[in-house]
Number of protein chains: 2
Amino acid sequence: MTTADTTMTRLADWAGDLDACPVRQVLDRIGDRWSLLLLLTLKDAPQRFNALGRAVPDISRRMLSTTLKTLEADGLIWRSVEATTPPAVTYGLTPRGLSLIDALGPLMEWAITQTPAILADRRRAG
Amino acid sequence: MTTADTTMTRLADWAGDLDACPVRQVLDRIGDRWSLLLLLTLKDAPQRFNALGRAVPDISRRMLSTTLKTLEADGLIWRSVEATTPPAVTYGLTPRGLSLIDALGPLMEWAITQTPAILADRRRAG
DNA sequence: CTGGATCCACCAGGATACTG
DNA sequence: CAGTATCCTGGTGGATCCAG
């Protein structure tokens, strides 16, 4: 058995309201350019706002702010404010966020091993 | 050990050219609205162009065509033409495409189990 | 039936400037 | 330091028409 037959992965199971399909739910969450990158950065250790900006160099402050807010609203990261002046705001993974990264392990391993062959095929296909 | 420590998941490993990071490679591939949905549909059985369009009702013909072409160029699906009139074109998963679905199993399982709690949190957060 | 070509609307997201 | 507000652009993708 090579396929994930134990999970509900057939579209037919969600016919009629595809937007409720977990596949779309999760892709809408982490399929954007920044969410997963930020989660992986926070996996190493909790970090502050500007440190995250430096860890993901090509993210704008606007997207850093909005993406963090979404991740927090979804319970994937926590946000802690020290009311010093200037304030120090720290972000970190929640258990749920960590469990998401765990669930992504096989996918990332697949990406690492398969990407070279895919790029070769793509060049061949034009 | 709950984290996927055996895979190279830290951004620091790809500092300097984030675009080569496998995380981005795979998200650029399946992070769009349609690719994964089509792969899952083809998991059940090879299918023809219009059958795929009916299985994913809200996809436009344009996106169906372009997405299938990308998936084929990446070696995730195959394309077979019967030169009848009118022609019959069938698409199906390649072994590589199947291995990608396998790698996505844990993520989809996570999505199914966690989505309800996430939606509840999101409502609470506003 | 299986697409390609063209046009166009929408919006994600960058740049910039400002605030507590 | 940690954001917010505004403006604006580039690309994604739908609609439509055409073709083999």
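So that the names make sense, note that chain A is the first sequence line, chain B the second, and so on, each numbered from 1. Just so it is clear, the structure is predicted and the values come from calculations on it, not from any experiment.
Contacts of S35(B) classified as side-chain hydrogen bond (donor to acceptor under 3.5 Å, both in side chains), with partners at least two apart in sequence or in another chain: D32(B).
Taking 4.0 angstrom as the limit, Y91(B) places a side-chain polar atom (N or O) nearer than this to OP1 or OP2 of dG3(C).
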Intermediate values then yes/no, salt bridge (charged side-chain N to carboxylate O under 4.0 Å, His left out), R29(B) and D121(A):
CA-CA 14 Å; R29(B) 190 163 339 284; D121(A) 279 5; over 6 Å; no
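How far OG1 of T115(A) is from CZ of R24(B): 14.0 Å, rounded to the nearest 0.5 Å. Here I118(B) contributes atom CD1 and L76(A) contributes atom CG; the two are 5.5 Å apart, rounded to the nearest 0.5 Å.
For E82(A) (side chain) and V89(A) (main-chain N/O), no donor-acceptor pair under 3.5 Å exists by modelled atom type. Put simply, the side chain of W78(A) gets close to the backbone of L93(A): a donor and an acceptor are under 3.5 Å apart. Side-chain atoms of S65(B) never come within 3.5 Å of backbone atoms of R62(B) as a donor-acceptor pair (strictly under, hydrogens ignored).
Counting only heavy atoms from C-beta outward, the side chains of Q114(B) and Q25(A) never approach each other to under 4.5 Å. Side-chain atoms of D102(A) and W110(B), non-hydrogen and from C-beta on, never get closer than 4.5 Å to each other. Taking the side chain as every heavy atom from C-beta outward, L52(B) and L42(B) approach each other to under 4.5 Å.
Taking atom CZ on R48(B) and atom P on dC1(C), their separation rounds to 8 Å, with Å as the unit. Nucleotide dT2(C) holds its C1' atom 16 Å from the CD atom of Q47(B), rounded to whole Å.
In 5' to 3' order, the nucleotides of DNA chain D bounding all contacts with chain A (an atom under 4.0 Å from a heavy atom) are dC1(D) to dT6(D).
Listed by first and then second residue, the side-chain hydrogen bond (donor to acceptor under 3.5 Å, both in side chains) pairs involving residues 84-95 of chain A are R79(A)-Y91(A) (not counting sequence neighbours).
Contacts of residues 65-78 of chain B with DNA chain D (heavy atom under 4.0 Å): none.
Put simply, the residue from R122(A), R123(A), R124(A) that forms a salt bridge (charged side-chain N to carboxylate O under 4.0 Å, His left out) with D74(B) is R122(A).
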Detail all sub-3.5 Å separations between protein N/O atoms and N/O atoms belonging to nucleotides 12-16 of chain C.
from, atom 1, to, atom 2, distance (Å)
dG13(C), N7, R62(A), NH2, 2.3
dG14(C), OP2, S60(A), OG, 2.6
dG14(C), N7, R62(A), NE, 3.4
dG14(C), O6, R62(A), NE, 3.1

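Between the axis at the start and the axis at the end of the helix from dC1(C)-dG20(D) to dG20(C)-dC1(D) there is an angle of 50°, using five pairs per end and rounding to 10 degrees.
The side chain of P87(A) lies closest to dG20(C) when the candidates are dC1(C), dG20(C), dG3(C).
The two residues T113(B) and P116(B) make their nearest non-hydrogen contact at O-CD, 3.7 Å.
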